[in-house]
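Structure first, commentary second.
Convention: sequence-line order gives letters A, B, ...; per-chain numbering from 1.
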Amino acid sequence: MAKIEFAKKVEVATLSDLTVGIGYRLNVAGEEIALFKLNDGSVRAIENCSPFKKGPLSEGIVSGEFVFCPMRDWKISLTDGQVQAPDHGSVKTYSVEVEGETIYVHLD
Amino acid sequence: MKEKLVLIGNGMAGVRAIEEVLKKDADRFEITVFGEEPHPNYNRILLSKVLQGDTTVDDIVLNDFKWYEENKIELLVGDPVIKVDHEKKVVYSQKGVTRSYDKLIFATGSNPFMLPLPGAELEGVIAFRNIQDCETMIETAKNYKRAVVIGGGLLGLEAARGLLNLNMHVDVIHIADYLMERQLDEPAGKMLREQLESQGMTFHLKKNTKKIVGKKRVQGMQFTDGTNLQTDLVVMAVGIKPNIALAQETGLTTERAIVVDDFMQTNIPNIYAVGECAQHRGIAYGLVAPLYEQGKVLAAHICSGDQMLEHGYQGSLVYTQLKVSGVNVFSAGQFQDGEQTKAIRVHDEFAGIYKKVVIQDNKIIGAVLFGDTSDSTRLLSMMRNGEDVAEMSKVAIFPSESGEPQVSPVVALADDDNVCDCNGISKGTIISAIKEQGLTTVEEVKQCTSAGRSCGGCKPLIADLIKLTTGEDVSNAPEPICGCSKLTHEEVVAQIRELELTYPREVMNVLGWETDEGCSKCRPAINYYLKMVDPIKNLDDPTSRFINERAHANINHDGTFTVVPRMYGGVTDSEQLRKIADVADKYNVPLLKVTGGQRIDLVGVEKENLPNVWSELGMRSGSAYAKALRTVKTCVGAQFCRFGTQDSLGLGIELEKKFEYINTPHKVKMAVSACPRNCAESGIKDFGVVGVDGGWELYVGGNGGVDLRGGDLFCKVKTKEEIIDIISAFMQYYRENARYLERTSHFVERVGLEHMKEVILNDEETRYALMNRMEVALSTGRDPWQEIIEDEEKQKEFQKKKIEVLV
Ligand code: SRM
Ligand SMILES: Cc1cc2nc3c(=O)[nH]c(=O)nc-3n(C[C@H](O)[C@H](O)[C@H](O)COP(=O)(O)OP(=O)(O)OC[C@H]3O[C@@H](n4cnc5c(N)ncnc54)[C@H](O)[C@@H]3O)c2cc1C
Ligand code: SF4
Ligand code: FES
């Protein structure tokens with residue numbers, strides 16, 4: 001893939017904005033992103049779009065490192081974006097940095 | 001000295017046949033294998049996955065060189081056989097190797113069919129058949145951007161998906177007017193197209209290529225309709241033709257492919273053919289499952305020393321699945337409607353699901369599934385066993401339509417039904433392997449039984465089998481609440497009561513859940529049970545609720561929501577209608593609709609607008625999204641209707657006001673009609689009331705949904721107070737004893753109408769106890785919209801943060 005990539009680190013929210021188990025909807029420069037705060041306090045960011053019907057993953061039921069797509073109940077990893085068997089597919093993931101209270105997401 | 005067995009074609013069918021021979025009689029033959037390709041036998045099926053980047057070439061090797069050595073098989077790769085002398089019984093290879101044989105197997109497969117177009121010889125015009133084609137595509141993608149795939153069939157689409165993953169812009173040219181017309185009917189083909197377009201493919205249907213243009217390398221294409229396209233790569237996937245040139249020169253009888261009998265014998269003694277190059281009873285198969293069956297028979301015959309076996313190969317019922325991420329397609333048998341066929345269809349465009357079963361003489365002869373293929377296993381076995389479906393309800397044929405949590409389809413299989421069709425491994429075989437060798441992972445099962453070794457489509461089933469076997473016996477396994485635990489719904493409720501558990505996580509920890517945070521099946525169930533057991537003490541856990549019940553609106557496929565305000569008993573007034581109109585205008589709501597529940601829905605409201613929409617409507621939530629009382633439909637009744645015997649409006653409104661916002665295992669719907677003409681459809685409601693002269697009739701367990709069921713007459717009483725009491729007690733008993741997501745219709749079927757009459761009608765004490773517990777539960781009911789309107793904090797969840805980034 002011969003395309004130039006420059007990562008962009010964007011401040012998107014603070015830890016207190018997020019509730020464990022409930023997705024947080026973001027639109028960063030036109031990209032729909034869903035943020036999740038896990039039980040261990042760590043934060044994940046994925047493209048807010050189920051690979052099936054383009055449903056918003058931010059609305060899914062969260063279980064540990066996974067979210068269940070609200071449209072078709074597909075189980076999707078918040079860590080690597082992979083759809084779990086028996087379904088297939090993947091969603092884009094974004095690397096996240098938490099500095100103190102502040103959450104940053106890397107766009108590329 | 002040993003007999004000599006020579007195999008021409010080092011591919012999937014041929015080598016499988018050899019494996020079967022070795023299984024039967026390991027050191028009977030001295031085996032030589034000629035392969036044109038430079039590789040050991042690999043899994044051609046998985047080339048699609050390699051292209052899509054899900055696996056690598058090394059991972060798809062089925063038998064590595066070591067395997068050939070260990071089995072003392074002489075393997076000559078990169079050296080095709082070019083001549084067979086069947087009198088002398090000798091084969092000659094390109095590199096001059098000669099081998100004599102006692103038995104010879106042709107397994108030369110097929111060649112991709114290349115359209116004889118002008119320019120087809122240009123650099124950058126390829127097929128999709130072998131590792132080399134794959135490598136060419138991967139290489140091309142590094143230096144070029146645009147690709148065209150000719151052919152919108154299985155192969156073409158899998159290639160197209162692969163090229164997308166390689167970051168190429170992909171156009172698919174297809175001659176028919178919808179995709180995969182050999183496997184799908186039109187509706188499914190159309191849905192598939194939408195789906196793939198949303199993945200980024202561009203389709204040109206009903207298009208015919210005139211020529212491929214370019215100097216040395218392809219640069220573009222011209223079509224018969226005068227249009228043209230620029231491209232750097234053309235992949236032809238328009239079909240295959242059995243590779244039978246050598247066979248013809250050898251003098252074997254060929255039609256479309258090499259003609260074989262039920263034992264895979266050709267017309268010349270001691271020469272067999274197997275795989276795509278063989279034609280059995282007029283059919284040359286293009287899928288592995290049948291080829292593997294053929295291999296078995298061939299091996300049996302070769303090893304039997306020619307004495308006739310009674311059971312030859314009988315032909316196969318083939319089915320196809322598309323190996324493209326994000327798309328579930330299944331097709332089998334005769335799926336097009338015909339003169340004598342009838343079809344059952346399920347078509348849900350919201351969820352992108354299409355299911356069709358074609359039935360002839362009460363037997364399923366074909367099926368197409370799109371979007372949700374979970375019923376495929378069961379349908380296949382019904383087809384194979386020629387089950388009589390005359391008496392079956394739609395849900396019996398499509399269990400996935402029951403709306404209930406699904407039991408794995410393997411449960412429905414008989415022990416000798418195949419779980420893995422590619423490799424012909426039966427449920428029984430896998431179960432005993434799991435038991436005897438104590439297998440615990442799909443990988444282990446794959447190693448031991450070779451189930452799951454080819455297309456992998458059966459792996460979920462194998463996983464289910466492991467779960468079911470290493471626990472209770474598959475056959476009589478009580479249905480666990482979900483994959484996270486072996487406990488049944490009843491056991492979970494009992495434990496919650498016994499140990500006075502109060503919070504979902506606590507339940508899962510204490511009861512030893514296998515996943516620490518549960519799943520989308522068990523969490524909502526647990527949350528319901530907790531509040532049912534102790535409505536006062538136990539708090540609701542929103543994170544364990546489906547989005548509809550968190551946003552208090554129905555999510556639509558595009559992420560917008562539907563708002564359905566209460567119109568008690570379906571009665572409204574000009575003021576409400578005005579408000580609805582104003583709100584609809586202000587928030588430009590794309591669709592205003594009269595629902596099937598006698599009220600109005602505002603469809604397509606943005607999530608962030610929900611709280612404002614609610615407060616500006618100034619109406620209460622209609623719970624159209626909730627596992628709770630939905631609507632109470634009414635008819636005009638005694639107030640105006642010339643037939644009306646009772647005040648149906650009055651009772652309807654009273655019922656709706658009393659029971660709104662009570663959580664139930666599944667949604668509950670009511671209706672009140674004022675005479676047996678039943679204009680409110682009381683006959684298909686969870687609780688349906690029909691006014692008659694001097695009294696009321698109560699019907700229970702009706703359902704107008706997936707599993708249509710007429711309600712049973714439960715009782716006939718004089719006063720509406722009695723009706724309300726009985727409904728109250730009945731509903732509480734349902735709340736306490738039904739499994740989560742069990743509608744009253746299924747509940748009544750399960751526990752029996754007589755039992756319900758016993759408890760509710762004949763046993764006053766119990767009835768009052770139930771009514772009292774219901775009152776307690778009712779006391780906690782609130783209008784969720786109001787709660788959110790009043791609470792800034794709660795409104796936060798509805799907001800969406802927008803961030804501009806300056807590049
Ligand atoms: C809005 C409405 C269609 C309409 O515009 O008329 C509707 C819309 C939905 N129905 Fe329904 N049902 C609607 C009346 C019905 C009826 C007719 C009735 O209630 O008289 C039925 C059959 C009667 C019955 O339920 O017994 C009905 C049987 C279903 C079923 C199948 C239930 C079953 O047990 O078989 C589902 C799926 C489910 O609940 O699991 C369902 C599910 C749905 C959902 C909520 C899909 C979902 O789970 O999100 C639909 C939301 C659409 C959307 O995007 O907004 N809907 N649905 C009706 C709302 C009625 C109301 O005012 O509350
Ligand atoms: C991309 C792709 C995806 C597929 N997906 C599926 C799927 O999902 N499900 C499914 O069931 N099927 C699928 N198939 C079809 C399946 O791969 C074939 O049906 C199967 O491989 C046929 O096996 P075979 O042994 O008959 O032919 P092959 O596997 O093609 O083996 C024939 C071999 O013989 C060699 N050969 C030919 N002539 C000579 C000669 N004269 N001397 C020596 N060697 C020779 C060829 O080089 C080749 O290696 C797919 C095919 C492709 C290409
Ligand atoms: S509204 Fe009801 S019937 Fe219509 S598509 Fe949705 S679920 Fe099916
Ligand atoms: S069904 Fe294809 S590998 Fe089992």
Side-chain angles (χ1 to χ4, degrees), chain A residues 1-3 6 8-13 17-33 35 38-39 48-75 82-91 105 107, chain B residues 54 141-143 166-167 195 198-199 323-328 350-353 371-374 442 456-457 459-461 463 484 505 515-521 523-524 541-548 550-551 555-559 607-608 796-807:
Chain A
M1 296 161 282
K3 77 169 159 54
F6 42 85
K8 221 165 185 343
K9 179 171 162 185
V10 184
E11 173 176 346
V12 291
D17 293 337
L18 277 60
T19 316
V20 174
I22 292 189
Y24 184 85
R25 302 187 302 153
L26 277 175
N27 179 309
V28 185
E31 290 192 55
E32 296 289 330
I33 300 177
L35 280 187
L38 308 189
N39 265 303
N48 192 12
C49 174
S50 101
F52 180 70
K53 260 285 178 186
K54 305 268 156 288
L57 294 173
S58 53
E59 316 299 1
I61 289 184
V62 184
S63 165
E65 301 228 320
F66 300 95
V67 64
F68 291 85
C69 156
M71 295 295 141
R72 296 277 281 101
D73 204 32
W74 284 9
K75 188 179 181 184
Q82 286 303 318
V83 175
Q84 306 298 299
D87 305 303
H88 317 279
S90 63
V91 297
V105 163
L107 303 179
Chain B
D54 300 342
K142 293 192 182 135
N143 314 320
L166 292 169
N167 280 9
Q195 179 79 146
S198 72
Q199 292 193 3
K323 302 191 300 306
V324 168
S325 317
V327 186
N328 295 325
F350 281 80
I353 290 175
D372 171 3
T373 53
S374 53
V442 174
K459 284 183 180 172
L461 295 179
C484 305
R505 294 195 111 246
T515 55
D516 49 2
E517 293 187 30
C519 71
S520 56
K521 300 237 174 317
R523 286 255 301 280
D541 168 28
T543 68
S544 291
R545 284 180 178 269
F546 181 59
I547 179 63
N548 283 5
R550 252 192 295 132
I555 193 163
N556 301 323
H557 63 72
D558 63 355
K607 189 181 184 189
E608 37 283 48
K796 280 226 186 84
E797 197 201 315
F798 292 81
Q799 296 321 318
K800 173 174 187 178
K801 187 154 171 192
K802 215 163 183 313
I803 300 173
E804 301 301 340
V805 178
L806 326 153
V807 180

Does any heavy atom of chain B fall under 4.5 Å from the side chain of [X], the backbone, both, or neither of them?
X     : value
A/E32 : side chain
A/Y24 : side chain
A/D17 : side chain
A/V10 : side chain

(message) If we define contacts as heavy-atom pairs under 4.5 Å, which of A/V20, A/V28, A/L35, A/I33 has the most with chain B?
(response)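 It is A/V28.
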(message) Let's test your reading of the structure: which of A/V83, A/N39, A/N48 forms the most heavy-atom pairs below 4.5 Å with chain B?
(response)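 Looking at each of A/V83, A/N39, A/N48 in turn, A/N39 comes out on top.
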(message) Please report the interatomic distance OG(A/S58) to CD(B/E797), rounded to the nearest 0.5 Å.
(response)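 Nearest 0.5 Å value for the OG-CD distance: 9.0 Å.
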(request) Rounded to the nearest 0.5 Å, what's the gap from CD1 on A/I22 to CD1 on B/I547? Could you check? (result)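 The distance works out to 8.0 Å.
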(request) Identify the residue among A/V62, A/I61, A/V67 that makes a side chain to side chain contact (heavy atoms under 4.5 Å, CB included) with B/S520. (result)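 Output: one option passes, namely A/I61.
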Heavy-atom cut-off 4.5 Å, strictly under: side chain, backbone, both or neither for [X] against chain A?
X      : value
B/D372 : both
B/Q799 : backbone
B/R545 : backbone

(request) For each of B/L461, B/I555, B/N548, B/T515, tally heavy-atom pairs with chain A at distances under 4.5 Å, and name the one with the top tally. (result)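 Option with the top pair count is B/I555.
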(message) What verdict does the side chain to side chain contact (heavy atoms under 4.5 Å, CB included) test give for B/K800 and A/N27, after you've listed the backbone C-alpha separation in whole Å, the side-chain angles of each residue and the deciding distance to 0.1 Å?
(response) CA-CA 7 Å; B/K800 173 174 187 178; A/N27 179 309; 4.0 Å; yes
Minimal non-hydrogen separation, [X] against [Y], with atom names:
X      : Y      : result
B/C519 : A/F68  : CB-CZ, 3.5 Å
A/E11  : B/I803 : O-CD1, 3.6 Å
B/F798 : A/R25  : O-NH2, 2.9 Å

(request) Could you walk me through whether B/R523 and A/S63 pass the side chain to side chain contact (heavy atoms under 4.5 Å, CB included) test, one step at a time? (result) CA-CA 9 Å; B/R523 286 255 301 280; A/S63 165; 3.9 Å; yes
(request) Report the C-alpha separation of B/K796 and A/T19 in whole Å, then their side-chain angles, then the decisive distance to 0.1 Å, and conclude whether the side chain to side chain contact (heavy atoms under 4.5 Å, CB included) test is met. (result) CA-CA 10 Å; B/K796 280 226 186 84; A/T19 316; over 6 Å; no
